[in-house]
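For reference, the structure I am asking about is given below.
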There are 2 protein chains.
Amino acid sequence: MTDVAARAGVAASTVSHVVNGTRPVSTELRRRVLEAIEETGYLPNRIARSLVTSDTHLIGIVMSALTNRFFVAVVAAMERAGRRHGYSSVLADSRDSVQGEADAVNALLSRRVDGIVLAPVAGDRKPVLDRLLSEEVPTVLIDRFADSRFDQVGVENIESTASLVEHLAALGHSRIGFIGGLKGLSTTEERIRGYRLGLERSGLGYDHNLVASGRSAAAPAEQALGLLLDRPAPPTAIVSGNNYMTIGVLAGLRKRGMRVPDDIALVAYDDIEFAEVFHPRLTAIAQPVLQIASTVVNLLIRRMTGKDGAGPPQATRLPGTFVHRESCGCPPNGSAPPARSQPRRHPEQPPRSRHALVAEG
Amino acid sequence: MTDVAARAGVAASTVSHVVNGTRPVSTELRRRVLEAIEETGYLPNRIARSLVTSDTHLIGIVMSALTNRFFVAVVAAMERAGRRHGYSSVLADSRDSVQGEADAVNALLSRRVDGIVLAPVAGDRKPVLDRLLSEEVPTVLIDRFADSRFDQVGVENIESTASLVEHLAALGHSRIGFIGGLKGLSTTEERIRGYRLGLERSGLGYDHNLVASGRSAAAPAEQALGLLLDRPAPPTAIVSGNNYMTIGVLAGLRKRGMRVPDDIALVAYDDIEFAEVFHPRLTAIAQPVLQIASTVVNLLIRRMTGKDGAGPPQATRLPGTFVHRESCGCPPNGSAPPARSQPRRHPEQPPRSRHALVAEG
DNA sequence: ATGAAAGCGCTAACAT
DNA sequence: ATGTTAGCGCTTTCAT
């Protein structure tokens, strides 16, 4: 920058002002400065800038597992939304442990990120959250609702899970099994509540023999499925609690030679990227990934810039979409499922591409 | 930091030295400093640190599409590998355009990242690459080989694609179709060369009527498939050039009511996360994601730290893994495919989990 | 409209 | 073994 100033024959502060447009500069000087910048290939040093302005235009993203499609989609969407506003994204994997989460947060804090997006791990997250609060760095919690002192954004779980159950019940199923997620996650608990709600609304009783924990992962879900199927009165339909568990369920059913939906019906929470090519195609609740991402980023930016800023923390639950296909037992172009609180759409009217199926591998 | 120094009754430089262990400090003073740090909850400001040391311990990652499973897996693995060495990762999506790539690189440069990992877009990347070179920031190119002035890491494409073709040929197929990727990507070109090599080795001639471009995405791949199937002499087996195109092929086959592998055999480049639950399960080349990631990070760190540093740029091509399942037409526990240059393994001996199927959605 | 100078929070000589 | 001091490359008063 000193170099540029010298070449243009102006003071450093003038260079700064033409770069940032922070005060009027005569056309002549501006021209000379711009020229000098061009010649030298000068690129402002944001580190130095940050030191004085004490903002970094950095958003820290702490996720438990970047291998998870849902989180990845959210990260990708946030990165884009953020960059439109001049923010870059720093990634930190919490490795699904309380310690890893604390490390990740500290790393971000010491880099002085302007804001943090955090998908809290299961476990005692109080210390980290307290820390975040005392450091006063704007933070929004994503996916899992963990602490009402923070802004939180996630999918609406109860009604949508209920709608899955009600759909199966309307199809005549009375023994509907449920494969739930990891204990201690709000998503898990809410989806179970949705399951019970759906049963209730359908006039069906709750039977704990029809519920097992798939611990949010494929392999345990496969085991959980085995448990349910080996009951004296096994379920005739299954509700899977998330994308990975659906994989486990599918694998388990295949090994047992059971066909969906002839031998057993299957519906799931989370749409799967490849759901369209499964045979039969999966009836599922799709999460509003893009909306979650943009809600998070907008909220965060409001908090960071202080504009409209304060206000009490808010929890936003975005509705999922009931994607009606055939794994529930309905015919390929069958009638719409029994209407209820969920917005419905049939895949024949192509989805506003939730997954951009593009590019190279 | 001044606060900490005051509380501990020492000079700021002493605080710095206990924090960084950069010079011996008496146990007494160290104790007092540590105590003061504890009391104040002091967190070193890496921004200020970076300004003087002129390193940020930041790695910039420029990817064309974070929605792509393969890239995501690599990013996740790099993030972990990097953080083990004290580096954080800044993400930048090039939005698959030359302009987007340039913007992304500039953003990273202006943040003074210590190194960059770049998956070059298709198109004229020369300007960006020249820029990178002149800025002298250590850079490694990933996946697509674009410029030999840089370190490059990717999968070996030719031999592995050839092995796919040879396998089909050995099964008796003589009309083997190929759905290729986007023009201008080295992966696309190499896989086509592999296809031709496989044909040649199998004593089969090249017929351009059996080759079509799926432009690296699902929808165009589905069209490309249609093209091939409508030929007077359609292929009896298909080789798909990447994961997304496989989705398109699968979708296309389903719409035509063609069954794999009875009506047509299918093998693919890129293993798919859910390949195990497809019916039939997909025979594919799996990319060595973890190895690619750790190779990239190690290389980058060597260049950044200057240790062992200089040396000419090197191109590393890591071998893929032939994952033999049933979509090729082999029986579920069939014999191994005809051996050739590729390492083989049968899924029955469980893979060193390429995809951690864990966590929550 | 422009320049001079102070200072952001650190590290690294340079002293002692 | 510890303290003092001079910057790192910017932004931002405060003068002019």
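Keep in mind that the numbers below use all heavy atoms, side chains included, and drop hydrogens, waters and symmetry copies. Just so it is clear: chains get the letters A, B, ... in the order the sequence lines come, proteins before strands, and each one is counted from 1.
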- Task: State, to 0.1 Å, how close B/A92 and B/A104 come at their nearest heavy-atom pair, and which atoms those are.
- Result: CB-CB, 3.7 Å

- Item | Nearest-angstrom distance from the residue atom CG of A/D3 to P of D/dC8 | 14 Å

- Item | Distance-only polar pair, side chains of A/S50 and A/R112, donor-acceptor under 3.5 Å | no

- Message: On DNA chain C, compare the nucleotides closest to B/T22 and B/I47; which residue's is nearer the 5' end?
- Response: B/I47

- Message: I want to check one thing: is the phosphate of C/dC8, taken as OP1 and OP2, less than 4.0 Å away from some side-chain N or O of A/S54?
- Response: no

- Specify the separation, in whole Å, of atom CG of B/N45 and atom P of D/dG9. 17 Å

- Task: Select one nucleotide: of C/dC10, D/dT11, D/dC8, the one nearest the side-chain heavy atoms of B/L51.
- Result: D/dC8

- Inspect the surroundings of CD in B/E28 and state if more than 12 heavy atoms from other residues, nucleotides or ligands are less than 6.0 Å away. yes

What are the atom names and distances for every N/O pair under 3.5 Å that joins the protein to nucleotides 1-5 of chain D?
from, atom 1, to, atom 2, distance (Å)
D/dT2, OP1, B/S26, OG, 2.4
D/dT2, OP2, B/S26, N, 2.4
D/dT2, OP2, B/S26, OG, 3.2
D/dT2, O4, B/R23, NH1, 3.2
D/dG3, OP2, B/A11, N, 2.9
D/dG3, OP2, B/T14, OG1, 2.8
D/dG3, N7, B/R23, NH2, 3.0
D/dG3, O6, B/R23, NH1, 3.0
D/dT4, O4, B/S13, OG, 3.2

- Query: Nearest-Å distance, CG (A/D55) to P (D/dC10)?
  - Reply: 15 Å

- Query: Given A/V297 and A/Y87, is the side-chain contact (heavy atoms from CB on, under 4.5 Å) satisfied, shown in steps?
  - Reply: CA-CA 10 Å; A/V297 169; A/Y87 289 84; over 6 Å; no

- Task: Please check if any side-chain donor atom of B/T40 sits under 3.5 Å from a side-chain acceptor atom of B/R7, or the reverse.
- Result: no

- Spacing between A/M1 atom CE and C/dA4 atom P, to the nearest angstrom: 13 Å

- Task: Look at A/E35 together with A/R32 and state whether they make a salt bridge at an N to O cut-off of under 4.0 Å.
- Result: no

- Of residues 32-40 of chain B, the positions that come close to DNA chain D - non-hydrogen atoms, cut-off under 4.0 Å: none

- Query: Rounded to whole angstroms, how far apart are CZ on B/R49 and C1' on C/dC8?
  - Reply: 17 Å

- Message: Tell me the interatomic distance from B/L109, atom CG, to D/dG9, atom P, rounded to whole angstroms.
- Response: 15 Å

- A/R46 CZ to C/dC8 C1': how many Å, rounded? 16 Å

- Task: Keeping the roles fixed (side chain from B/T139, backbone from B/V137), state whether a donor-acceptor pair exists under 3.5 Å.
- Result: yes

- Note: A/D103-A/R95 ion pair, threshold 4.0 Å (strictly below): yes

- Item | Rounded interatomic separation in angstrom, taking CZ from A/R31 and C1' from C/dA1 | 17 Å

- Run the salt-bridge test on A/E101 and A/R125 with the 4.0 Å N-O cut-off and return the result as yes or no. no

